[in-house]
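Scroll down for the structure; my scribbles are underneath it.
Numbers here simply count residues along the sequence, with the first being 1.
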Amino acid sequence: MATFNDINPQLKAYLLKHRLPDIFECIFTALAASKPADPNKFILEKLRDYQEGKHFDLAWDSFVSRKDLPSRRVFKRTFIENFFTLEDLAELRYYFYFQPSEEQKRLAAQAYNDALLKKHFSIECTCMYTFKLNYVVVVVNNQQVAQFVDKPQQQHKNETHVSVLAAKMRKICLQNAIYTTFRAWQQVTKHASDTNKWFKKYEILNSDDEDEVKDKAVGQDFISKLPHKASNRIFSFLNVLDRLTCSLVCRSWKIMVQDRSLWTQIDLQRIKDQTTDRLVANLAHKFRSFLCNLNLRDCVRVTSSSLRYIGECRNLQELSLSGIKQINADVVNDIGLGCKNLLYLNIAKCHFDDGVLRVLARHYVNIQYLSLAGCTGFSTAGVYYFMVGQGLHKLFHLDISGCSQITHEGMRYIARGCPLLHSLALNKLAMMKDESLYFFTKYCPNLKALHLRHASSLTDTAFMYIADNLPRLKTLCVEGNHNITGASIKMVGRGCPDLVHLFIIDCIQMCDTGLKGFSSTRGLRVVNLGDCIRISDHGVRNIVDGPSGPHIRELNLTNCLRVGDTTLFRIAQRCQSLAYVSFCYSEFVTDAGVELLGNMQALRSLDLSGCAVGDAGLASLGNNPNFRNISLSECNQITDVGIQKMCSRLLLLETLDISYCGNVTDYATKFLAFSCRELVRLNIAGCTQLKVAKDVNRIFLSNLNAKLKRTRDAKAHTAPAPHTP
């Protein structure tokens, strides 16, 4: 094809005189940038403006408005010049529309390699021997190598001499062919290696596939040069929107961010206010092949139109839709048909009807965890599908807390339809009767965890059912029940010898007699008797002196008013594995008992709020340098001296609560700022004598900010938090 300089000089002069290439470039650029609905009208308007003299200084962006102005030139100058040298319309159409596809590029590269192989390896090693009367000619590759002429008088030479000459010629030809072949082989191999490297680099730079492995040579920043696992670890701390933003930085970061290990679990609860239908649909569609865990809890802006895309995630195992209002039978049906491997489903706090339960019982045959907490839209008729449907029979965990509309008959349907239940939550069911609980103890003998928070209508009869029918029970949580007495709890302790977690909270009828049943229990690890005001030292001793005493890790005796130093003495002797203990508002706990706790090296967290503790007790706590959390709220007897003695040796302390301690002054906060470098949280509310000078605040806040910048996950030793069921 001819170039712009090769066209007719008169035509070239005419084009340059009237600036036609510049006008065409301005029009093409404006069309590409503005994308008008009517291109013909747009072109006429721009030409009319140019004719009127509005664009005297003609440039490539003269016809483009300010808001649509591109950052760089859209068309190269050579494109505009070559446009006027195209020979015909067919060539113009080919230039615009017939660009090679990816498959054509691959076939072209393969044909190019085949041509190279044919050129260098199809060497004809042909030896033509012509024995005539007076000469012998040897030809190799169509080139005459040697010519031997015999005189007429030598025609009588015997054939032996001719055969020797032919053997020499064959040897020369063979050596030449081998040399040529290996030289060609070397060149083709080198060229093929370079071509292969170039195509790999081209595919990585132009690929949108998330399965591509990043090339270290592409990225120049330090994150791109890190090992694969290290870069994944860095990006795993970002939320979904931050990861998508990072993918726009460069191609190297895009390849790293699209790694499948970062998208097997998607948590949109962290950005629930920014989660939209478009975001959910795009994520579910793009990462559908390896998405295993999706959390949409409290994403109220998500509607049913985007939830249907979740059905494309064939490998999805855990799904949380808690708090989403637009849950209906069609959405649940699409998810159930697509996600056959779903094991975890949380649709708590969602308003739906019986149709959803019908779909759950029909398609969710492999589900093991189901939460319907706070769902009040369905009725007992919907619960009937638990018993007659094909699905839901493999449930291990069921949470129907707050579903007060379920009747006595509905509880029977659930119990008979889910015989494999291991964990059951019946919280906030104030009207549930003893007979309803009886169905679960009868038809679900494998129950290991039972939560009965605020089930205030249950009596001792219900706990008798538990003691008789659930010998494998390991976790029992009862809270806010004022009907049960110590006699029924004693029976539970004897009938459930495998108990590990025991929570009996705010049960005012509970007394020391009930704890006698746990004197022979061997597996207790967590005991919470908070707000059981009738429990005394004698009752706690039944647990501490039992076989599980040396293995207890958490003990909560909050607001147990009758517990005193005697219990602390037995705890210091027996509970050497204790990591968390609370004696909030235990009036009989004094410095004598607290001094014993200072020698328990396994203790990490201590709560003495409202106790009669003074400076002597605080000084003894300094003997344990492993403390992480200490609460001394409303301990009015402590002063700056006690805090100084305690904190001088607690270099790993992270949380300290001295709120409403009236004798604490600025001297204590100043000492904390200099000695407790690991301190993250300090509560000084209600300390009336604190003035907190500016320099003290500055020093403390600098230490606090330095600590907050460190990642909690990087710590080797972390204080265990109180266990909550």
- Polar side-chain atom of S457 near backbone of K433 as donor-acceptor pair, under 3.5 Å: no
- Main-chain N/O of S456 paired to N483 side chain as donor or acceptor, under 3.5 Å: yes
- Message: Between R297 and N346, is the side-chain contact (heavy atoms from CB on, under 4.5 Å) condition met? List the steps.
- Response: CA-CA 9 Å; R297 184 174 299 175; N346 185 356; 3.1 Å; yes
- Item | Crowding at CZ, F588 (>12 non-hydrogen neighbours, <6.0 Å) | no
- Message: Taking side chain to side chain contact (heavy atoms under 4.5 Å, CB included) as the definition, give me every residue that meets it alongside I367, ordered by chain and number, with sequence neighbours left out.
- Response: L345, Y364, L370, L392, L395
- Taking all non-hydrogen atoms of both residues, which atom of C444 and which atom of A415 are closest, and how far apart? SG-O, 3.7 Å
- Verify whether one side chain among E318 and N293 offers a donor that lies under 3.5 Å from an acceptor in the other. yes
- Where the side chain of N427 meets the backbone of R453, is there a donor-acceptor pair that is under 3.5 Å apart? yes
- Query: Roughly how far, to the nearest 0.5 Å, is CZ of F396 from NE2 of H422?
  - Reply: 5.0 Å
- Message: Looking at Y438, I'd like to know if its OH atom is crowded, meaning that more than 12 non-hydrogen atoms belonging to other residues, nucleotides or ligands lie closer than 6.0 Å.
- Response: no
- Would you list the pairs meeting salt bridge (charged side-chain N to carboxylate O under 4.0 Å, His left out) in which at least one residue belongs to residues 467-477, sequence neighbours left out? none
- Go through the structure and list residues passing side chain to side chain contact (heavy atoms under 4.5 Å, CB included) with D512, not counting sequence neighbours. I535, S536, H538
- Take atom CE in M491; do more than 12 heavy atoms of anything else shown fall under 6.0 Å from it? no
- Can any side-chain N or O of N623 pair as donor or acceptor with the backbone N or O of G598 at less than 3.5 Å? no
- Candidate list S659, S633, S631, test side-chain hydrogen bond (donor to acceptor under 3.5 Å, both in side chains), partner S609, passing option: S631
- Item | Distance flag, aromatic centroids of H408 and F439, threshold under 6.0 Å | yes
- Message: To check you understand the geometry: which heavy-atom pair defines the closest contact between I533 and N559, and what is its length?
- Response: CG2-O, 3.7 Å
- Query: Between N542 and G517, is there a donor-acceptor pair closer than 3.5 Å when you use the side chain of the first and the backbone of the second?
  - Reply: no
- Option passing side-chain contact (heavy atoms from CB on, under 4.5 Å) with F627 (candidates L597, L656, L603): L603
- How far apart are the C-alpha atoms of V300 and K272, what are their side-chain angles, what is the distance that settles it, and do they pass the side-chain contact (heavy atoms from CB on, under 4.5 Å) test? CA-CA 8 Å; V300 294; K272 57 184 180 181; over 6 Å; no
- Can any side-chain N or O of Q405 pair as donor or acceptor with the backbone N or O of C375 at less than 3.5 Å? yes
- Rounded distance [0.5 Å steps], CD1 in I271 versus CG in D242: 8.0 Å
- Query: Can you tell me how far the CG atom of L321 sits from the OG atom of S371, to the nearest 0.5 Å?
  - Reply: 11.0 Å
- Message: Measuring from atom CG of L502 to atom CG of L515, what distance do you get when rounded to the nearest 0.5 angstrom?
- Response: 8.0 Å
- Please round to the nearest 0.5 Å and tell me the distance separating atom CG of N239 and atom CD of Q274. 7.5 Å
- Note on the structure: side chain to side chain contact (heavy atoms under 4.5 Å, CB included) filter on S261, not counting sequence neighbours, yields N232, D259
- Message: Can you tell me how far apart CZ (R604) and CG (N626) are? Round to the nearest 0.5 Å.
- Response: 4.0 Å
- Message: Suppose the criterion is salt bridge (charged side-chain N to carboxylate O under 4.0 Å, His left out): which pairs have a residue in residues 521-541, not counting sequence neighbours?
- Response: R541-D545
- Is a side-chain donor or acceptor of N683 paired with a backbone partner of A685 at a separation under 3.5 angstrom? yes
- Donor-acceptor side-chain pairing of T521 and S548 below 3.5 angstrom: no
- Task: Could you pull out all residues at least two apart from F671 that satisfy side chain to side chain contact (heavy atoms under 4.5 Å, CB included)?
- Result: Q644, C647, S648, S675
- Query: Counting N and O atoms only, with roles assigned by atom type, does the side chain of R243 sit under 3.5 Å from a partner on the main chain of L238, one being a donor and the other an acceptor?
  - Reply: yes
- Closest approach of L632 and C661, non-hydrogen atoms and distance? O-SG, 3.2 Å
